[in-house]
Protein chains: 2
Amino acid sequence: MASSPRTAPPSGALNRRLADSGLRSTPQRELIYDVLLRKRDHPTADEVFVRVKTEMPTISLATVYNGLETLVQCDLVRAVNFERGPTRYCPNLRPHAHFHDERSGATHDIDLPPALIEHVKAILPPEYRAEAVEISFRGSTSR
Amino acid sequence: MASSPRTAPPSGALNRRLADSGLRSTPQRELIYDVLLRKRDHPTADEVFVRVKTEMPTISLATVYNGLETLVQCDLVRAVNFERGPTRYCPNLRPHAHFHDERSGATHDIDLPPALIEHVKAILPPEYRAEAVEISFRGSTSR
DNA sequence: TTGGGGGTTAGAATCATTCTAATTATCACT
DNA sequence: AGTGATAATTAGAATGATTCTAACCCCCAA
């Protein structure tokens, strides 16, 4: 493929994080990340694949899975699991919980106050060292 | 009549709960439930299948899945999911979180103080009605 | 004693995800 | 610009957990 000069600077955060991990920036990874940033509705890998394919028809599903995993490793994206459903992806890096609305199927972010995170971690006996805490709600919204 | 701390209903609860749901008590369902009560190590459906099979060699994996689902519906057992791993089953009915020890692969129950559950629910905007809250930790224990 | 409705079973099917092996792109160094 | 070495992408096969299907079984009521 002939290389063309860049017309726009690459996404700063993505390139920096990739480089920090010894990984390369690629059009596929940039597009996957961009798609996540553009519509923050917690899409599944399949949904990301569909969105990305409209702009890059040759991309493969395996690359979408690989790319999403890469973004998760770089701490640019969070993988969100709910019960047995497919993994969903979320570019919100603030500490937050997830609310799964059973009526609409939508997932909403709920900001977590730092004090609450501390409260939650405080219930662990001292020999338990938590690297991560996940909080998720299931229910419905009245609007 | 102060009771010893109890994490599951007394034996016999199975029959009552099944009857309440218009379901029948069967040797398979009783054995599946008994196996869960006997060793509370959050087994997967496959692990339950292996344990149950030593006492009832003709039971099928499908029946184990069906039976576990039935117990979950009757609120005698909780299904526990951690990331993409297979569902695990837990007869502890007290409100509790789960701690997943990455070193050993074990899952531990962490009792949740009622006040903490309230604190956690309190972060939801008023139009969100939560039917369930899940809290899970990932990390390791120093012993 | 018969009929209907759960319940069980073995195996097929499904679904999300991961793996494999081959191809392609990019980087570091001339 | 050329050349390997290394990383990334790709299509499709394979995997693993779970669910479905269709036949059979068992119990209770009429």
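Below, all heavy atoms of this structure are taken into account, side chains as well, without hydrogens, waters or symmetry copies. Sequence lines set the chain letters: A, B, ... in the order given, protein chains first and strands last, and positions in each chain run from 1. A quick note: this is a predicted structure, and the numbers were derived from the prediction, not measured.
Closest approach of B:Leu14 and B:Tyr33 over heavy atoms only: CB-CD2, 3.8 Å. Nearest heavy-atom pair across A:Ala130 and B:Phe137 is CB-CD2, 3.8 Å.
Regarding A:Asn15, its CG atom lies at a distance of 13 Å from the P atom of D:dA8, rounded to whole Å. Rounded to whole Å, the distance from CG on B:Leu68 to P on C:dT8 is 12 Å. Atom OH in B:Tyr33 sits roughly 18 Å away from atom P in C:dG7 (whole-Å rounding). For the pair B:Asn66 CG and D:dT21 C1', the interatomic distance rounds to 12 Å; values are reported in whole Å. Counting to the nearest Å, the C1' atom of C:dG7 and the CD1 atom of B:Ile32 are 11 Å from each other. One atom, CG of A:Leu18, and another, P of C:dT26, lie 14 Å apart when rounded to the nearest Å. Counting to the nearest Å, the P atom of C:dT18 and the CD atom of A:Gln73 are 11 Å from each other.
When the side chains of ILVMFWY residues are joined at heavy-atom separations under 4.5 Å, either directly or via intervening members, B:Phe49 and B:Tyr65 end up in a single hydrophobic cluster. In the hydrophobic clustering of ILVMFWY residues, with side-chain heavy atoms under 4.5 Å counting as a link, A:Phe82 and A:Val133 come out apart.
Within the structure, every side-chain polar atom (N or O) of A:Tyr65 is placed at least 4.0 Å from both OP1 and OP2 of C:dT18. Look at A:Arg84 and you won't find any side-chain N or O under 4.0 angstrom from OP1 or OP2 of D:dA17. Taking side-chain N and O atoms only, A:Thr63 has no distance below 4.0 Å to OP1 or OP2 of D:dA8.
A salt bridge links B:Asp41 with B:Arg51; the closest basic N to acidic carboxylate O contact falls under 4.0 Å. Between B:Arg38 and B:Glu55 there is a salt bridge, since at least one side-chain N of the basic residue sits less than 4.0 Å from a carboxylate O of the acidic one.
Formation of a donor-acceptor pair under 3.5 Å by the B:Thr54 side chain with backbone atoms of B:Val50 is not found in this model.
Between A:Met56 and A:Pro27, the closest side-chain pair of non-hydrogen atoms falls below 4.5 Å.
If you check the side chains of B:Arg129 and A:Ser142, you find no donor sitting under 3.5 Å from an acceptor.
For DNA chain C, the residues of residues 19-31 of chain B within the heavy-atom distance limit of 4.0 Å (strictly under) are B:Leu23, B:Arg24, B:Thr26, B:Gln28, B:Arg29, sorted by number. Near-neighbour residues of DNA chain D inside residues 38-61 of chain A, defined by a heavy atom below 4.0 Å, number-ordered: A:Thr58, A:Ile59, A:Ser60.
Distances from the side chain of A:Ala62 to the nucleotides D:dT18, D:dT10, C:dT9 place D:dT10 closest.
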